[in-house]
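Okay, structure first, notes after.
Convention: sequence-line order gives letters A, B, ...; per-chain numbering from 1. Hydrogens, waters and symmetry mates are skipped; everything else that's a heavy atom, side chains included, is used. For clarity, every value in this text was computed on a predicted model and none was experimentally measured.
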Amino acid sequence: MAFVRAPSPFLLVLVLALSISAAITATTTVPQPISDHHRSAALNLFAPSHGSFPSLQDAYEALRVFEILGIEEKHRVSTDTCKVVLENLSSLSSSLKDLFYALKVNGILKCKVNGEVFEGIASRLKASISDASPLPDLYYSIGGLVLIKDQDSNVDVLLADATGTFQSIKAQSQSDGKWRYSSDKTESSAYAAGLAFEALAGVISLASSEIDQSKVNTVKHDILKLFGSIEKNDDGSFYFDGETVGGHEHQDSLSTTSSVVRGVTAFAAAVSGEINQLPGDKTLGLAKFLLGIGVPGDAKDFFNQVESLAFLESKRVTIPLILSLPETVYSLTTKGQLKVRVSTALGSAAPPLVVKLVRAFSSGAKDSSIIESKELQYDKRSGLHVLDGFTNNVDVGTDVFVFEIVLHDSHSKQVYATGGQIHMPIYVTGIIAVSNAEIGVLGDLGSVQTKKALDLAGNDVVSFSANHLQKLRFSFQLATPHGHVFKPHQAILKFRHEIKVEHVFVIGNVGKKFEITLDFLGLVEKLFYLSGKYDIELTVGDAAMENSFIRLLGHVKLDLPEAPEKAAQPPAPPVDPYSRYGPKTEITHLFRTPEKRPPQNLSITFLGLILLPFLGFLIGLLRLGVNLKNFPSSTVPAAFALLFQLSIAAVLLLYVLFWLKLDLFTTLKTLGFLGAFLMFSGHRILSYLASTSTKLKSA
Amino acid sequence: MARSTSKDAQDLFRALWSAYSATPTNLKIIDLYVMYAVFTALIQVVYMAMVGSFPFNSFLSGVLSCVGTAVLAVCLRIQVNKENKEFKDLAPERAFADFVLCNLVLHLVIMNFLG
């Protein structure tokens, strides 16, 4: 009996989701032939921006992919692209690579090019073929000449010294079948070998006189040696490993594989049907590798994948046949047919054949077969091979089906590669029978005190009470539709106390019977000595179980002893992870309560009272007989007197403004100006008054 | 006895008043001004006693403004009074200029404190 404490049901859901997703991702590793997914992806990847492509190579790759996949996209781009093609072909300064791709695009778009232009290019390309040229230049030149030959038969493209050119290319080959780019480079690569094979194929087709057969045979030998260095994956796919060439240019395994496939198929075409030395499992493995990539997100990868698959189907080598399953998950409740599709890698129809189910076995028990040697029926309407009633034999779980493709006529056996026995995973789901559920409380000596039968399919709920000297036993049985043992991914009993503390127990099984006995005496510490009501919840779940469930079994009232002082405290209830996305509790702001203000009438009365002393002051002034006779009579001192009074008033007004709205800095700046003015005018008027009073005194 | 007391008091006040009447008018104006300031301060104190001292800074500003003005006015009166020989050489205009300057500084602080 295992004991786990899970913090939340969220974890269980996660585990269940992971197990289901693992089951689903396992199915996607089986290669599927090219389908409409590729077509829609191609339309997105190769969509020309503003009606034109960034370069001729991009244009060629896009058009070639559209051609292979049967997408009608030519007319939309042909005008603009043809213009670029003609510019490149007529220009004397365009590079060999541009000429090569211009001719390739022209081969697809069939732009109107003059025969004279072709002749000009042909002579230029011929001139560039010399013994010392590096491999890529030879590749572009020879490739260009081959393309001209296909596009305009009137142009003379034949090589006078074909044997010499053949030799100079062959001279760069290494003992392991790889090639060097030029004689001054030391590294060799399979990518270069692909280029070399294609160039050699071109030389053979351009030769004015027959190339010596022994030379051709050495190249065939090189191809076989190169295939000796091929890499293999566990799933039976073959590929050429990526490599860094010349210290900087890195070719990944897809472009390397693609280059080799292109070169070998071109060479096979040139030597006309004599290169069936390549074993079928290699071509099938290459196709599996290319299909295993899925739908590439990169235009270059996409082109390499699709073009290589097209070359594998070009009847120059054995054509790989791909067996795929439209569905890999079958349900015993719906009793569907087992469906198998056989097609070429590009998804075109296979020759007449029979698919045999050699055997099928459960993934757990490899030695015992469930089904042995059955022949699938061909359904002409859907193009699928079907097997009825296979669900009678298989049971819930993961099975491995072993298929074999048997071709009808012997000619097909020469042309197609079937790959022998093919292992396919099949997932079978079904409804699991749940029965004999019993829950009961046992005494300390194992005597049954209470026992109740439960119908787990129904909704009945039990309640018990128990103390720490007793035990709780729960058992049930699981069986597959065929009555076999079924062990679900999850069989979990959960106790939940009123204060949300949870305990999870994994239920073990003996055969069909699942049983758990909880001895409360041993569990008191883990239950944190918490007496009270516990909810009991049962989870039985599996990706293959169609009736997975989680349900409340009932309640148990536990009477546990008092906790000793040092006992662990129960953990805080888990915080709902979603609660942090919910609304926060509203914040109530605490403000200072405003001070009690006096009644407004009282304040206004006192404002009036304040004026009374002022009134008394004015009356007193009148009683004293104050006058302004001392005010200077002449103009200049009178003006200064007035200015003095005004500037005092201005300063007081500034103070009022300071009180109402201005800040200290503004006030002080303004006060500086006003103060200077006040000092000046005050000094003038007061010194004038002082002088007049002294004059008066002296007089 | 009481009668004679009130009569004495009346005589005393009359004597004081007659003595004060001899004071020059400019000093009387300053006295009047001081009275005015002191009464204004008193009214504010009464108001504070009735309603409480809540904006205490405002109350202080108001009262100190009045008291400060009164004190400055008294200083002015001392300097202007011709009988004070101590300030004989000081021109009354100079004293007035001091009074104005001190008032302006006082009220700048008062305004800042008023809130």
**Atom CE of B/M48 with >12 non-hydrogen neighbours under 6.0 angstrom** = yes

**Complete:** Among residues 51-88 of chain B, those lying within the under-4.5 Å heavy-atom range of chain A are B/V51, B/F54

**Item:** Side chain proximity check, B/Q44 to A/I610, heavy atoms < 4.5 angstrom
**Value:** yes

**Prompt:** Which answer fits B/N112, side chain, backbone, both or neither, if we ask what part of it has an atom under 4.5 Å from a heavy atom of chain A?
**Reply:** both

**Request:** Would you indicate whether B/R94, at its atom CZ, is surrounded by more than 12 heavy atoms from other residues, nucleotides or ligands within a distance under 6.0 Å?
**Result:** no

**Request:** Count the heavy-atom pairs under 4.5 Å between each of B/F39, B/Y33, B/Y47 and chain A, then report the option with the highest count.
**Result:** B/Y47

**Asked** Does a sphere of radius 6.0 Å around CD in A/E498 hold more than 12 heavy atoms from other residues, nucleotides or ligands, not counting ones at 6.0 Å or beyond?
**Response** yes

**Request:** Measure distances from A/S687 to the heavy atoms of chain B and classify the residue's part below 4.5 Å as side chain, backbone, both or neither.
**Result:** neither

**Prompt:** Side chains of B/L104 and A/L678: does their closest heavy-atom pair fall under 4.5 Å?
**Reply:** yes

**Request:** Tell me, for A/L612 versus chain B, whether the close heavy atoms (under 4.5 Å) come from the side chain, the backbone, both or neither.
**Result:** neither

**Asked** By a 4.5 Å heavy-atom criterion (distance strictly below it), what part of A/F658 contacts chain B: side chain, backbone, both, or neither?
**Response** side chain

**Fill in**
All heavy atoms of A/Y655 vs all of B/V105, minimum pair found to be OH-N, 4.4 Å

**Prompt:** Could you name the residues of residues 613-628 of chain A that have a heavy atom within less than 4.5 Å of a heavy atom in chain B?
**Reply:** A/P613, A/F614, A/F617, A/G620, A/L621, A/L624, A/V626

**Request:** Specify which of A/G675, A/S603, A/P599, A/S693 makes the most heavy-atom pairs with chain B at under 4.5 Å.
**Result:** A/S603

**Complete:** Assert top hit (heavy-atom pairs under 4.5 Å, partner chain B, pool A/M679, A/R597, A/H683, A/K596) equals A/R597

**Asked** At their closest point, which heavy atom of A/W659 faces which heavy atom of B/M111, and how far apart are they?
**Response** CB-SD, 3.9 Å

**More than 12 heavy atoms from other groups under 6.0 Å of CZ on A/F673** = no

**Request:** Among the options B/L108, B/T40, B/I29, B/T25, pick out the one with the most heavy-atom pairs lying under 4.5 Å from chain A.
**Result:** B/L108

**Prompt:** For B/V100, is it the side chain, the backbone, both, or neither that has a heavy atom closer than 4.5 Å to a heavy atom of chain A?
**Reply:** side chain

**Asked** A/L657: what forms a side chain to side chain contact (heavy atoms under 4.5 Å, CB included) with it, not counting sequence neighbours?
**Response** A/K661, A/L662

**Message:** Restricting to side chain to side chain contact (heavy atoms under 4.5 Å, CB included), what partner residues turn up for A/L611, sequence neighbours left out?
**Reply:** none

